[in-house]
Amino acid sequence: MEIKIEKTTSPKAKPTDESKLGFGHIFTDHMFVMNYDEGKGWNNPRIIPYGDFPISPAAMCLHYGQEIFEGLKAYRIADGSIQLFRPQENFKRLNNSAKRMVIPEVDEDFMLYALKKLVKMEADWVPHSAGTSLYIRPFIFATDPYVGVKPADHYLLMIILSPSGAYYSTGLNPVKIYVENQYVRAVRGGTGFAKTAANYAISLAGQAEAHEQDYEQVLWLDGVERKYVEEVGSMNIFFVIDGEVITPELTGSVLPGITRKSALEVCKSKGYKVSERRISIQEIADAYDNGKLDEVFGTGTAAVISPVGHLKWGDKVMTINNNEIGPVSQMLYDTMTGIQWGTIPDDFGWIEKID
Ligand SMILES: *Cc1c(COP(=O)(O)O)cnc(C)c1O
């Protein structure tokens with residue numbers, strides 16, 4: 001499919017102070033759009049000026065939540081060129097989310113081609129300062145004007161881009177995490193593994209409660225027994241216990257993070273003992289009491305590695321590694337960000353250049 005291009009006639013001023021970019025507020029001049037119509041398939045791919053667009057008040061996504069999304073970044077490296085980190089994995093996951101939400105799948109190769117074209121066009125929006133990047137948000141939603149419940153016949157796929165600031169401006173600050181005992185995020189057979197808006201909507205109540213108690217994020221337990229650890233708000237979770245790197249296995253209720261997968265591969269390549277298995281919150285508390293809980297950290301595209309300094313479960317507050325970043329977390333952060341910003345060799349073949 002050929003991508004039609006309509007350039008903006010009123011380009012916006014680019015942010016000059018990159019220390020104030022923050023996250024998710026600023027959008028570039030153009031966006032990618034493609035339609036799906038039953039009988040026709042995906043059609044009319046185009047890059048057009050970024051802007052508001054009309055949809056019907058009856059659009060099905062607004063009523064029944066048929067929506068999926070992805071999140072990845074473009075990085076500017078020292079020679080000025082731009083690169084992506086494992087973008088094929090994002091489009092593969094988009095299709096896995098699509099299947100669960102009865103949304104038509106996309107051609108992954110075409111999506112990568114379209115994304116590269118868009119990023120290339122917006123290259124000047126990729127910030128230059130250390131730690132900054134261009135956040136990429138592909139998403140698909142149902143547009144049929146119909147308030148009956150069924151899979152839609154019409155969808156829009158869009159990609160929008162947002163220059164974002166360095167996640168850690170003052171070094172890797174450990175986060176405070178609160179174990180959620182009341183609400184659950186996902187159950188087996190549900191949508192936990194899909195990157196869909198609904199999973200976030202139902203997580204907000206727990207998140208709000210955590211904030212009230214001065215904790216930054218929620219650690220979710222399994223939806224049935226409320227015993228086994230699943231993941232954090234928008235991150236997967238890892239524990240280092242007695243030298244073993246452990247993360248919950250993927251059983252359908254956990255989002256299969258690309259950072260998670262990459263962290264496992266890096267740990268294995270460095271000879272760490274690595275396990276994907278069920279791990280109960282009691283096992284973690286016991287390890288803590290026995291002085292064997294060496295590190296806890298989250299993984300996700302936004303922060304890459306986010307060390308956990310405090311973990312609160314009921315009345316028990318665990319202070320991990322003296323609220324400092326541990327050696328495994330630091331090694332993973334250095335390796336993965338080194339590959340992303342091109343300061344160390346990409347031995348895994350994870351980088352996709354924009355040329
Ligand atoms: C996106 C996401 C993650 C992290 O996935 P990455 O591919 O590593 O960015 C983890 N948990 C949830 C719920 C997510 O939506």
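Numbering of ligands and ligand atoms starts at 1, following listing order.
Which parts of ligand 1 touch Asn236 is read off a 4.0 Å heavy-atom cut-off, strictly below it: atoms 10 (C). Atoms of ligand 1 found under 4.0 Å from any heavy atom of Tyr200 (numbered from 1 in listed order, with element): 12 (C), 13 (C), 14 (C), 15 (O). The ligand atoms of ligand 1 that sit less than 4.0 angstrom from a heavy atom of Thr301 are 6 (P), 7 (O), 8 (O), 9 (O). Interface atoms of ligand 1 facing Arg93, defined by a heavy-atom separation under 4.0 Å, are 5 (O), 6 (P), 7 (O). Close approach of ligand 1 to Gly257 (heavy-atom distance below 4.0 Å) involves ligand atoms 5 (O), 6 (P), 7 (O), 8 (O).
A parallel orientation is assigned to the rings of Phe139 and Phe141, their planes being inclined by less than 30° (bins at 30° and 60°).
When each of Leu156, Ile47, Leu157 is checked for a side chain to side chain contact (heavy atoms under 4.5 Å, CB included) with Val33, only Leu156 meets the rule.
Note on Arg277 versus Glu283: salt bridge recorded, some NZ/NE/NH1/NH2 to OD/OE distance being below 4.0 Å. Salt bridge Arg86/Glu265: present, at least one basic N to carboxylate O contact under 4.0 Å.
The backbone N or O of Thr259 lies less than 3.5 Å from no partner atom in the side chain of Glu89, so there is not a single donor-acceptor pair.
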Inset, instruction - Take Arg93 and Glu70, measure what salt bridge (Lys or Arg N to Asp or Glu O under 4.0 Å) needs, and give me the verdict at the end. - result: CA-CA 8 Å; Arg93 187 170 64 189; Glu70 270 304 324; 2.8 Å; yes

Inset, instruction - Dump the intermediate steps for salt bridge (Lys or Arg N to Asp or Glu O under 4.0 Å) on Arg226 and Glu180, then the final yes or no. - result: CA-CA 9 Å; Arg226 319 251 175 121; Glu180 176 58 57; over 6 Å; no

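Look at Glu70 and you'll find every heavy atom at least 4.0 Å from all atoms of ligand 1. Close to ligand 1: Ser234, with a non-hydrogen atom less than 4.0 angstrom away. Residue-ligand proximity: Pro256 is placed with every non-hydrogen atom at 4.0 Å or more from ligand 1.
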Would you mind writing out the side-chain donor-acceptor pairs for residues 181-189 within the sub-3.5 Å range, not counting sequence neighbours?
residue	atom	partner	partner atom	Å
Arg185	NH1	Glu231	OE2	3.1
Arg185	NH1	Ser253	O	3.1
Arg185	NH2	Gly192	O	3.3

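Looking at Arg185 next to ligand 1, no N or O pair under 3.5 Å apart turns up. Between Gly233 and ligand 1, a contact under 3.5 Å exists for no N or O pair. The shortest N/O to N/O separation between Lys195 and ligand 1 falls below 3.5 Å.
Protein heavy atom at the shortest distance from atom 8 (O) of ligand 1 is Thr259 OG1, 2.6 Å. Nearest protein heavy-atom neighbour of atom 11 (N) of ligand 1: Glu231 OE1, 2.6 Å.
Annotation: Phe239 is not in aromatic contact with Tyr288 [ring centroid separation under 6.0 Å not met].
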